[in-house]
Amino acid sequence: MENRFFNRELSWIEFNGRVLFQALRKDLPLMERLQFLAIVSSNFDEFFQVRVASVKRMLTENPREVDVSGLSPELVLKQISARAHQIVRIQQNCLMNDVLKKLAEKNLVYVRPNEFNEQQNEFALNYFKNEVYPLLTPLRTDAQEFPHIGNLSFYAAFLLSPIAGIRTGSSDFKGSDEAPRIALVQIPSGIQRIVWLPSEVGKKEFTIVDDIISQYGTQLFPGLEAKESMLFKVARDADFAVDEDSGHNFIHEMEKVLVQRQSSFAVQMSCNDSSDAILEFLMEKLSLKEEDVYRVCGIIDPGVLLGLRDTEDGAKMSFPEWNHFYPASLPQEDTYWETLRQRDVLLHVPYESYDPVIKFISDAADDSSVLAIKMTLYRTGRDSPIIGALKRAARNGKQVVVLVELKARFDEERNIAWANELENAGVTVIYGLVNLKVHAKIMMVMRRESDTIRRYVHLATGNYNPKTAKLYSDLSLFTSNYEIANDATQFFNVVTGYSTLQPMNLLGMAPVTMKPKILSMIQREIDRSDADHPGLIVAKMNSLTHEEVIDALYKASQAGVKVLLNVRGICMLVPGVKGLSENIKVISIVDRYLEHSRIFYFQNGGNPELYLASADWMPRNLDRRVELMFPVLDKNVFKEVKDILDTYFKDTENAQELMENGLWQPVSSENTENPVRAQEMLYKKYKRKSDAAEKAPKNEFEVRRKD
C-alpha cells in the first residue's frame, strides 16, 4: 500500500457525495431530496471558500510540497475539480430531470421564461417593472476598474449591443467591435426568489426571480439590445486569520477580516451555460481557469427552491413531522436544582427538546439564590433566548461572564453584535483567547444553598443554538458533580484570567490534556488486549484527520483491538488494510438530522469508560482550539449513551462503510425485511419514553372536600 492516509480534501468531497446519494434516493419524499440537493451546494460554497482557497494558496507558496497522502497541491486541485464537477453534474441532472419533473407531476411546476404563456409573460413583465426594476443597479465593466463582485452574491450579466438606427448619445460604444460590452446586475439578496405565476386550475406554476431578471433585464439599458445573458455566482477566498498580534482593537481586526472576505481572490464560479462570450470575459477579469468554472443547464443553486417546503403541497412531500419531546427525567414546571442534586441528566437533541437548556439558564437568571453564571458562546443564532436570559441575569445583579468566540467562521459579524449587546447589558464579555479558538461548550451556575455555594454545570457536544438544536443531533449533560464543578471552575479561570492550567481530575481540555488523554486510552486498550479478550474502541465524531491519533488506532488494530468508528465527514484513516488496519471498521450516516455528537468508548479491560466531547479528532480541535472532553459517570446515563452509540452501528438504511480504496458502500443487511434506520430507532425510543411519562400516575393527592 502506497499511503496510510486518504487526502483530507478528497475525503471531504466524498462526504458531499454521500449527501448527494440521499438526494438520488427515489424512496425519499421530494422535498427532502430537494433539501439534500441544496445542502450539496451550500457545502460546496464553504468548501471552495476555505479549503480550495487554502490549497490554491499552497500551490503558489509551496508548489512542490506533498501532503501525507502523497499528493502535491496541483494534483489535489485537479482531483478536486474532476470529482466536484462530477458531483455537480449528477446534482443538476437529479434536480432538472428528476425532482422538478416529479414535482410537476404533482402540479407544482417550474416554468422557464421561454415557456411562459401570454398571460404569464405579461404578469412577469409587470412584476419585473414594479417589484424588481427599482431595486436593480446596472454596473458597467469597461470602466477603469472592474466592478466589485461580492462573495457568493448572485448576478446577471448582459452582453449588449446598440440597436440599429438608434443613437445612444454615449461614447461607451465607440471603438473596436472586438471589445465585449458587458454589464452586470446584482440580484438583491432580500427579494423573494420564488415567483408564483398565473396558472390554470389545479396547477401551481412558478419561476425564480433570477430568470425574470435575466429575461427582462435588457430594459435596464434603453437603446441597447441584450444579445446574451448569463447568471452567475463567485466564491472567494475566506480562509483568513485575524492578526491577533497587531496590538489593535480586536473587534476592529475582526471587522477587517469580514471586509477582506468580500474582496479576496476568486476561487470558483457557478453559472448557467448560456453565454461563452460573457463567461470568457468574466474568467479573464477574475483570473479563473476552466477547471474553476461549474456550468449548469438549469438553476445554479437548488437552495432557492426551498421555499416550496412552506407551501401546503410542499409539506405533504416532506418527512413526517417528528416531535421534540420534553425529557421525562426533568420537571417541566419546577426548577432543576433538586433533580440535579440527586443525579446527572442527559439531553439528546433534537429527539428531545432544547427547552431544558433555555429553562436552565432562564431559571438561573431569575433565581434570587443564583450568584453567578459563566458560559462560552461559539455560535448561538439570531434572536436567541439565551442572550436575553444572560442580559436579564446581569440586570438582576448577578455576575455574568461570557466568553464569546469572535473567530467562529461565518458567524463573526453576528457574534460581534451579541458581544456588544451583552456588554451594554452589564455582562462581562471575554473575546476568546489569543491564537486559539474557544470551541468548548460549557455553562456553570453558582447558587447559594443553605451554608454553601453549589455549582451546576452543563456540558455539551454542540453549540448553544436553539435553532440548530432542532436539526443537529447532539448530546449534553446537566450535573452538579463536585469534581466536574471544580474542573469547570479551573477552566473558566484559565480562559478568562491569567491562571495556568492546574491538573483537572475529570475534564480533558485541548490543546493541553485532551490529546494525551485520548492517546493514553488507546495505548491502555492495547496493553489490556489479548487474543482471548481483545480490546474495543467505539467512537463517533464528525471528522478524523489527526495523524497521531490515526497512527495510534493503526497500532491498536495491529494489537488485535477492535475499532468501530462512526465518522460523519472527513476520514483520513484507511480501514481494512491487512497488517495495518484490518480490525478497523468505519461507517458514516447521513439522514434527516445532521450527526454532530462526539462519543468515545473504551472497553478498558472490563472497566469501560465513556466520554462526550466538543472536539473531533482533528489537528485544529486537539492542537489549536480550546475544547472539552467530559466523562459519563452516572450509571443510567452511561447505559443510555452506550445504547445510542451502539444504535448507529446497527443502521442498514442510511449507513455507508468506507472501503480500503476510499470508496463508500451502502451497508447491506441480510435481514432485508427488517431494515434498521438509526435515527428512526432513536426517535421511537424517545417517543415511547414520553408516552410512558404521560401515562404514569402523577405524585399528587386529591383532597376530598365537602360540597
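Between the CD1 atom in I518 and the NZ atom in K515 there is a gap of 10.0 Å [rounded to 0.5 Å]. Once rounded to the nearest 0.5 Å, the distance linking CG of D634 with CD of E640 reads 9.5 Å. Note that CD1 of I584 is 4.5 Å distant from OG of S557, once rounded to the nearest 0.5 Å. In this structure, CD1 on I644 lies 5.5 Å from CG on L346, to the nearest 0.5 angstrom. Interatomic distance, S476 OG to L347 CG, rounded to the nearest 0.5 Å: 4.0 Å. Taking CD of E627 as the start and CG of N621 as the end, the distance is 4.5 Å to the nearest 0.5 Å.
Using a 3.5 Å distance cut-off with no hydrogens or angles, the side chains of D67 and N7 do pair a donor with an acceptor. Using modelled atom types and a 3.5 Å distance limit, the side chains of E595 and Y472 yield no donor-acceptor pair. Under 3.5 Å, the side chains of Q399 and K374 contain no donor-acceptor pair of N or O atoms. The closest side-chain donor-acceptor pair between E609 and Y611 falls under 3.5 angstrom. Side-chain contact annotation: N654 with Q22, donor-acceptor N/O pair under 3.5 Å present. Side-chain contact check for S588 and Q656: no donor-acceptor pair (N or O, by modelled atom type) lies under 3.5 Å. If you check the side chains of K441 and T461, you find no donor sitting under 3.5 Å from an acceptor. For the residue pair D237 and S264, no side-chain donor N or O sits within less than 3.5 Å of a side-chain acceptor on the partner. Between the side chains of D616 and H546, no donor-acceptor pair of N or O atoms lies under 3.5 Å. Using a 3.5 Å distance cut-off with no hydrogens or angles, the side chains of N481 and T479 do not pair a donor with an acceptor. Counted by atom type alone, D45 and Q49 present zero donor-acceptor pairs between their side chains at under 3.5 Å.
Residues V357 and H458 approach most closely at CG2-NE2, 3.7 Å, considering heavy atoms. In this structure, C571 and V586 approach most closely via the heavy-atom pair SG-CG1, 4.1 Å. Here the closest heavy-atom approach between residue V400 and residue A393 is recorded as CG2-CB, 3.7 Å. When every heavy atom of L10 is checked against every heavy atom of V76, the shortest pair comes out as CD2-O, 4.4 Å. Of all heavy-atom pairs spanning A488 and M444, the tightest one is CB-SD, 3.8 Å. Taking every heavy atom of both residues into account, V438 and Y378 meet most closely at O-CD1, 3.3 Å.
The cationic atom of R18 (NZ for Lys, CZ for Arg) lies less than 6.0 Å from the six-membered ring centre of W664 and within 45° of the ring axis. Note that K540 lies outside the cation-pi zone of F600, set by a 6.0 Å cut-off to the ring centre and a 45° limit from the axis. At least one test fails for R528 against the ring of F602: distance under 6.0 Å to the centre or angle within 45° of the axis.
Taking the six-membered ring for Trp, F478 and Y456 have ring centres at least 6.0 Å apart.
Using a cut-off of 4.0 Å between Lys/Arg side-chain N and Asp/Glu carboxylate O, D363 and K359 are scored as salt-bridged. Between D551 and R4 there is a salt bridge, since at least one side-chain N of the basic residue sits less than 4.0 Å from a carboxylate O of the acidic one. K391 and E423 are not joined by a salt bridge, as no carboxylate oxygen comes within less than 4.0 angstrom of a charged side-chain nitrogen.
Put simply, the side chain of T468 never gets that close to the backbone of L471: no donor and acceptor are under 3.5 Å apart. Within the 3.5 Å criterion, the main-chain N or O of M58 finds no donor-acceptor partner in the side chain of N62. No donor-acceptor pair closer than 3.5 Å links the side chain of S362 to the backbone N or O of A389. K398 places a side-chain N or O within donor-acceptor distance of the main-chain N or O of V370, the cut-off being under 3.5 Å. Judged by distance alone, with hydrogens and angles left aside, the side-chain atoms of N542 form no donor-acceptor pair with the main-chain N or O of G569 at under 3.5 Å. A donor-acceptor distance shorter than 3.5 angstrom exists from the side chain of T496 to the backbone of F492, with no hydrogens or angles considered. Checked by atom type and distance alone, the side chain of T647 pairs as donor or acceptor with a backbone atom of D643 at under 3.5 Å. Using modelled atom types, one side-chain atom of N3 and one backbone atom of S69 make a donor-acceptor pair closer than 3.5 Å. A donor-acceptor pair under 3.5 Å is formed between the side chain of S480 and the backbone N or O of L340.
The aromatic rings of F5 and Y554 sit tilted, their planes meeting at an angle between 30° and 60°. Using cut-offs of 30° and 60° on the angle between ring planes, the pair F15 and W12 is perpendicular. Under the 30°/60° scheme for interplanar angles, the aromatic rings of H324 and Y593 are found to be tilted.
Put simply, the side chain of I442 reaches to within 4.5 Å of the side chain of V457, judged on heavy atoms.
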Discussion item. For R51 and E46: C-alpha separation, side-chain torsions, deciding distance, then whether salt bridge (charged side-chain N to carboxylate O under 4.0 Å, His left out) applies.
Written reply: CA-CA 8 Å; R51 299 306 310 175; E46 182 168 343; over 6 Å; no
Checklist entry - Under the side chain to side chain contact (heavy atoms under 4.5 Å, CB included) criterion, do R568 and S543 qualify, and how do the steps go? => result CA-CA 6 Å; R568 186 196 79 211; S543 293; 5.9 Å; no
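Within a 6.0 Å sphere centred on CD of Q558, heavy atoms belonging to other residues, nucleotides or ligands number more than 12.
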